[in-house]
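What follows is a single structure, written as structure tokens, with notes after it.
In what follows, chains carry the letters A, B, and so on, assigned in the order in which the sequence lines appear, proteins first and then strands, with residues in each chain numbered from 1.
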Protein chains: 2
Amino acid sequence: MMTAHDDLKIEQMPQTLREIVLGRMRGAILSGRFASGERLVERTLCDQLGVSRSVVREVIRILEAEGLVETMPNRGPMVATLDWQRAKQIYDIRLLLEQSAACACAEMADAVTKAKLTEALQGIASAFASGQSLTLAEATTGFYEVIFRSAGQDIAWEIVQRLNGRISRLRALTLATKERNVSGLARMTRIHDAILANHPEAAAQAVRDHLTEAASIAERLLKAEGT
Amino acid sequence: MMTAHDDLKIEQMPQTLREIVLGRMRGAILSGRFASGERLVERTLCDQLGVSRSVVREVIRILEAEGLVETMPNRGPMVATLDWQRAKQIYDIRLLLEQSAACACAEMADAVTKAKLTEALQGIASAFASGQSLTLAEATTGFYEVIFRSAGQDIAWEIVQRLNGRISRLRALTLATKERNVSGLARMTRIHDAILANHPEAAAQAVRDHLTEAASIAERLLKAEGT
DNA sequence: TGTCTGATCTTGGTATACCATAAGATGACA
DNA sequence: TGTCATCTTATGGTATACCAAGATCAGACA
């Protein structure tokens, strides 16, 4: 029974407590608030989040399945670490999926898709201008989402998002790199232009260049940090 | 509870109860014991499995993250359903990843890898001979695992396995199809031969043919069943 | 004195009981 | 007969208790 009370009070209803905690913990890991390799002690998290162990444990299972958390037997969960060997694999898979999506999108892009893509690109441009890396990451995500969704590749998009989560720390660093900012927008524009021209090969090539560069920057950063 | 097989294994359980339940429920879904779309009532599962709600709930979260289970708000979890639109996406992604893995494997395959691959192929052949679809599925999985692992693509292999889980019902039907049995082994042999010859393009092409056929069989079966 | 043992603490794993809410089923009453 | 209140069921969420395993440290014994 919907009464006037509900309108005034809260719009948070659709979210379950588990989802809220999931979002918070995911955000804490992605933003680096929980360091890589840090142990996630259940009872401590319960206190910090103000929820019961049941909720925390279920959320940890989800994060574990997402690859953000690793659980060692008899030692409990910890934030997953990332070495270059794994990160490279992730960039390689992204390359395959994003090329394919850009290709498909360029083939079938209609006026509506193109408009959305242009809008997303402008979002990236203004995010570049603002200089906030979080905003930039979101804008970039939005740009790719348009590509995947309009290509009808929902599942591939899910996979890419999950992979992006696992390299989020790298991704933030990469996006924040100076030279990336300069050429990054240019490369995004190339992808955008190729799709608007319905030119699949050019779109795939642009994605390839974009990701190859991102991977090499990430490699440099990761290896510099690792030592 | 304990089957005869378990006696042979180690007394101490390296497996946690959650993992056991996860394996059993995953198996029940993959084997079709839990029908597609069937609701998974927590307390019923507790009775059936003889474990507590904590375990069941955590396992459901994992299966949810794997895409085997979907949870509707205020109605609880149910076994995920699969339409052709989604299945096709999965086959497309598998195509990308398996082509890439076969390619990489063919490029770098050494004597050890080739020996393992031949062994895996013989496993498939004898599974064909035995005619048991479960054994065949396992043997096929083993064959691909050799390819992915030797190519150093652990993460892609994880993704493929997860995707395979989501189309397991289709996969079982596909593998059980008569004509598939005939040409399937031939195509597997082609993949095997191309890798042994260190011929990447041929390996990729063989994978492409293999999966394209599998997808078309799956499409026919799914659409026939759907109506 | 050195080592071994055991008590204790922490953490994870499991089970159970309890409450609140939403949705569907059921039955009573106008 | 139709509508509404209630009842049941199942879920989400919480709290708590118990046990097992590993680590740590202190004390006892050779």
>> By nearest atom, which of the nucleotides D:dG12, C:dG13, D:dT14 is closest to the A:V51 side chain?
In response: D:dT14

> Checking all strands, does B:L40 fall into the base, sugar-phosphate, or nothing category for heavy-atom contacts under 4.0 angstrom?
Replying inline: sugar-phosphate

>> Measuring from atom CD of B:E58 to atom CD of A:E64, what distance do you get when rounded to the nearest 0.5 angstrom?
In response: 9.5 Å

> What heavy-atom pair brings A:A102 and A:V207 nearest, and what distance separates the two atoms?
Replying inline: CB-CG2, 3.6 Å

>> Expressed as a whole number of angstroms, how long is the span from A:E42:CD to C:dT11:P?
In response: 10 Å

> B:E58 has an atom CD; how far is it from atom C1' of C:dG13, in whole Å?
Replying inline: 9 Å

> Rounded to the nearest Å, what distance is computed from the CE atom of residue B:M78 to the P atom of nucleotide D:dA10?
Replying inline: 14 Å

>> Reading DNA chain D from 5' onward, which residue's closest nucleotide shows up sooner: A:R43 or B:G76?
In response: B:G76

>> Could you tell me how far apart B:I60 (CD1) and D:dA10 (C1') are, to the nearest whole angstrom?
In response: 12 Å

> Which atom pair, heavy atoms only, marks the closest approach of A:A137 to A:R171?
Replying inline: O-NH2, 3.9 Å

> Can you name the nearest heavy-atom pair linking A:G152 to B:Q85, along with the distance?
Replying inline: O-NE2, 4.4 Å

> Please give, in whole Å, the distance from C:dG13 C1' to B:R18 CZ?
Replying inline: 8 Å

> Could you give the CZ-to-P distance, from B:R75 to C:dG24, as a whole number of Å?
Replying inline: 7 Å

> Using a cut-off of less than 4.0 Å, is there contact between a side-chain N or O of A:R57 and OP1 or OP2 of C:dG12?
Replying inline: no

>> Rounded to whole Å, how long is the line connecting atom CG of A:L45 with atom P of C:dT10?
In response: 17 Å

> Counting only side-chain N and O atoms of B:S52, is one of them less than 4.0 Å from OP1 or OP2 of C:dA15?
Replying inline: yes

> Does A:R53 or B:R61 map to a spot on DNA chain D nearer the 5' end, using the closest nucleotide for each?
Replying inline: B:R61

>> Exactly one of B:L63, B:I60, B:V79 should register a side chain to side chain contact (heavy atoms under 4.5 Å, CB included) with B:L68. Which one does?
In response: B:L63

>> For a quick check, tell me whether the side chain of B:S54 and the base of C:dA15 share a donor-acceptor pair closer than 3.5 Å.
In response: yes

> For the pair made of CD1 in A:I20 and C1' in D:dT14, what is the distance, rounded to whole Å?
Replying inline: 15 Å

